[in-house]
Amino acid sequence: MNRRTTLVAAMALTAGLALAGCSSSDGKPELTVGGAFMPQPVGDMAAGFLTVENSGGTSDKLTSVTSAVSDDVTIDETKKQKMREVEAFDIPADGELDLERGGNHIMFMALKQTPKQGEKVAVELHFEKSDPITVELSVKEPTYNPKKH
Ligand SMILES: [Cu+2]
């Protein structure tokens with residue numbers, strides 16, 4: 001290793017330590033929600049997908065979801081192509097929770113109205129530790145899947 005390489009390595013290490021120190025400063029989960037969408041429903045139920053990123057040094061849990069479009073909203077996991085309601089989804093410290101097509105999802109039963117492509121559906125996410133977060137799901141075409149291109 002020459003001197004230049006050593007210097008770069010030392011700087012990278014310092015930057016890494018500074019970042020780690022910052023993100024876990026007060027030991028709280030720091031949640032950001034992204035990529036929220038709902039494929040346009042074909043019947044009276046719908047699914048919702050999103051990502052919850054946690055940049056804090058403490059884990060959290062997504063415990064429930066509420067919305068004006070349905071009184072019966074659940075969080076479901078999919079295993080062996082069957083879905084099952086769960087109590088909560090883990091959001092690991094410095095990690096993320098991915099709700100995506102074919103996997104974990106938000107489920108809206110008995111829709112009071114049928115959201116159309118281009119509209120937005122507001123939902124409130126409830127967590128074990130963090131305050132609730134309101135996000136808007138963009139209603140997309142029924143086959144929309146951002147993970148497949
Ligand atoms: Cu489901």
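For ligands, and for the atoms within them, numbers begin at 1 and follow the listed sequence. Predicted, not measured: the structure shown is a model, and the values here were computed from it.
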**Message:** So, applying side chain to side chain contact (heavy atoms under 4.5 Å, CB included) with H105, which one of M83, E77, M38 is it?
**Reply:** M83
**Asked** Looking at P115 and V139, what are the two nearest heavy atoms and their distance?
**Response** CB-CG2, 3.8 Å
**Asked** Does D60 pair with K129 as a salt bridge, N-O distance under 4.0 Å?
**Response** no
**Prompt:** Going through the distances and angles, do T58 and K28 end up as a side chain to side chain contact (heavy atoms under 4.5 Å, CB included)?
**Reply:** CA-CA 5 Å; T58 305; K28 272 198 240 155; 5.7 Å; no
**Request:** Evaluate the ring planes of Y144 and F37, with Trp represented by its six-membered ring, and classify them as parallel (under 30°), tilted (30 to 60°) or perpendicular (over 60°).
**Result:** perpendicular
**Complete:** Looking only at heavy atoms, the pair that brings T78 and N104 closest together is N-OD1, 3.9 Å
**Asked** Tell me, which protein N/O/S atoms are under 2.8 Å away from the Cu ion (ligand 1)?
**Response** D76 OD2, M83 SD, H105 NE2, M107 SD
